[in-house]
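Keep in mind that the numbers below use all heavy atoms, side chains included, and drop hydrogens, waters and symmetry copies. First the proteins, then the strands, lettered A, B, ... as listed; each starts at 1.
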Amino acid sequence: MTALILTVLATSIPLLLAANGELIAERSGVLNLGVEGMMLMGAVAALGMVLYTGNPYTGIIAGALAGMAVSLIFAFFAVTLLTNQVATGLALTIFATGFSGLAGAPLVGKTSESLPRIIIPFLSDLPGVGEILFAQDLLFYLAFLIIAGTSWFLRKTRSGMILRAVGDNHDSAHALGYSVARVRWMAVAFGGLCAGMGGAYIPLVLTPHWSEGMTAGRGWIALALVVFASWMPSRVIIGALIFGGITIMQLAGQARGWAIPSQVLSMLPYLATIIALVLISMRGRSSYLTVPACIGKPFHPGS
Amino acid sequence: MIRLVPRTDPSPWLAVISPVAAIVATVLAGALIFGLLGYDAAESLYHFFISPLSRIDRITDLVVKACPLMIIALGLVFCYRANIWNIGAEGQYIIGALAAGWLALSFPDATSPLLLVGMMAIALLAGAAWAAIAALCKTIFNANEILVTLMLSYVAALVMDVLVRGPLRDPMAFGFPLTPMYPDAGLISRMPLPGLGYIGQLHYGVLIAFALAPLAWWLLNRTLPGFQVKVMGSSPRAGRFAGFSQARTTIAVLLLSGALAGLAGMIEVSANIGQLQPNVSFGYGFTAIIVAFLARLNPVGVIFAGLLVAMAELGGDNAQIALGIPKVVTGLFKGILLFFLLAGATLQHYRIIWQPRLQQTQPSETSS
């Protein structure tokens, strides 16, 4: 049972990180559909760096920076040049899928070292939860710290309030003297950073070798998770755990030889996403209070 | 810092020149990337952009490759004009191919051309039905169509996979995941060119693609439903005052694009493959998104955009064979092209001014 919970947690970490980053971008009013691409860049950069240096921790940094680097391309087009955000995000994913495939070609067939577990003394001896929560890798702890930090930032800090203001009413925020473009650049960059780290988690912990498109739609599920979480960081955790659980259920089902074709089980995360989207929207108007009002709308001062 | 100044009269001249400029910029960016990766830039570009046009059979291959892209993109034009983001044409294509294949395999002894008609009809219906799921989720529950259509693409690929490996598999295929071949009546035959005979893989399906483009142009620009689509996309408030229904528009454009994607799937398999296999699409549904944008969401432009993108696809194959450049580079090109196209659209509506920060005198222009 503990082993099962551990795998569910590990599977949900990339979703958790990517969804958290996208949440910040969307709260600032930017819909970045490039999450899948940014995760792939993170994955390939992390793997390449670990193979080069031999130190798995460098992979976290490389992944985060690679995700952020491509997110800045998006920011330049969507925030500065005011291009259509949906199409720009798609362009980013298409571009990054190609780029990561090209950069990853020399890495095929090589296996990298995984992130070591950090066992926290005393806490990890706690019965039940100890082994699950306090004997994990660094990125695991980091993911939960980032979520907690994001939640605190949005609710308790002045900068968080400015970010929400820009996302909810960019005209008013602009009139008050805040730079809409600068806030959005930073929010997109943070989204890229988180997505890159989420992507890095895949080769660093889950499957330590490169294959083209190895994120397998996680970036898109992360986008759905943001809606599922109704733009609240704490709810991202619940959503990511549910999706992690569904993914693992599929693997467990295959291992136990359930009489269902494996493809049907593989459909579960995607079907669950659709059902989740429908259910959230069914909760009625109240769940829409947190939708950033300016999401997807380009901002041009004076127009 | 970069500042955008709105143009008072968006230049029609730029509307034509900006896609061309985007293509040129993409080629230059491509040359740069090849150079940086240590390939011979000139030779790479030759394989990507010249060699697909170098022989008559390669040109016909180009048209064949462009056929599904054009048909899918025509449907997407309506969606995107209506501000409905169907990015799951891939799934609708697969389901269309699957339904047509199921019909063809149900009548292995058919000889009547009615089979082909039936296959087209069922492919249109199946593609539309697959898109209808997203349309219903959107109109009834307000669930985001981007995510629903995309998730359904993954599901469609798995549906195809499970059926081709299971119930539809040819028992004589030595365990390969292939269905039996379609009966001859279910195949789209190759088309001879007058005076030249049969060249390459050219088939009658391409005529459908070329016929649909002007039809789509007429529907979009000369009929009331087309007008509704454009109004609901550009100013939904005005559309509602005019009594147009947002829900009906959403359903209509999604069904139309789903149907056309399904038809594309049927044509591609019947003309080029002849049986179902786990992968029948090769990403046409996603590539068609770029075709639609390159055409500036204009149905007639889709013809040229489809041919151009098909050229880059075939060029990618050529470059892989000749120089060992990984096929994924095509994706890189497509992404860059889309970026430049979008920037071109901005250029059409704004003048871009480089302005040092110091010169900002008005306090209201802090966001630059």
(request) Please look at A:F99 and chain B and tell me whether the side chain, the backbone, both or neither of the residue comes under 4.5 angstrom of a heavy atom of that chain. (result) both
(message) Between A:T88 and chain B, with a heavy-atom cut-off of 4.5 Å, which part of the residue counts as in contact: side chain, backbone, both or neither?
(response) both
(request) Under 4.5 Å, counting heavy-atom pairs only, tell me which of B:V329, B:V148, B:T330 racks up the most with chain A. (result) B:V148
(message) Set out, in order, the CA-CA distance, both residues' side-chain angles and the distance that settles side-chain hydrogen bond (donor to acceptor under 3.5 Å, both in side chains) for A:T93 and A:E36, then state yes or no.
(response) CA-CA 6 Å; A:T93 290; A:E36 179 84 358; over 6 Å; no
(message) Ignoring hydrogens, what is the shortest heavy-atom contact between B:T179 and B:V164? Give both atom names and the distance.
(response) CG2-CG2, 4.4 Å
(message) Heavy-atom pairs under 4.5 Å with chain A - which of B:L152, B:L341, B:I289, B:L342 has more of them than the others?
(response) B:L342
(request) Give me the ring orientation class for B:Y80 and B:W85: parallel if the planes are under 30° apart, tilted from 30 to 60°, perpendicular past 60°. (result) parallel
(message) Could you check, using the six-membered ring where one of them is a Trp, whether B:F333 and B:F34 have ring centers closer than 6.0 angstrom?
(response) yes
(message) Report which part of A:L33 has an atom under 4.5 Å of a heavy atom belonging to chain B: side chain, backbone, both, or neither.
(response) side chain
(request) For side-chain hydrogen bond (donor to acceptor under 3.5 Å, both in side chains), just list the numbers for A:W185 and A:S179, CA-CA rounded to whole Å, side-chain angles, deciding distance to a tenth of an Å, and then say yes or no. (result) CA-CA 10 Å; A:W185 265 83; A:S179 168; over 6 Å; no
(request) Mind ranking B:I87, B:I33, B:L338 by heavy-atom pairs under 4.5 Å with chain A and telling me who comes out on top? (result) B:L338
(request) Say whether, by atom type as modelled, one donor and one acceptor occur between the side chain of A:Y178 and the main chain of A:S172 under 3.5 angstrom. (result) no
(request) Name the option with the most non-hydrogen atom pairs under 4.5 Å to chain B; the candidates are A:T83, A:V79, A:I73. (result) A:T83
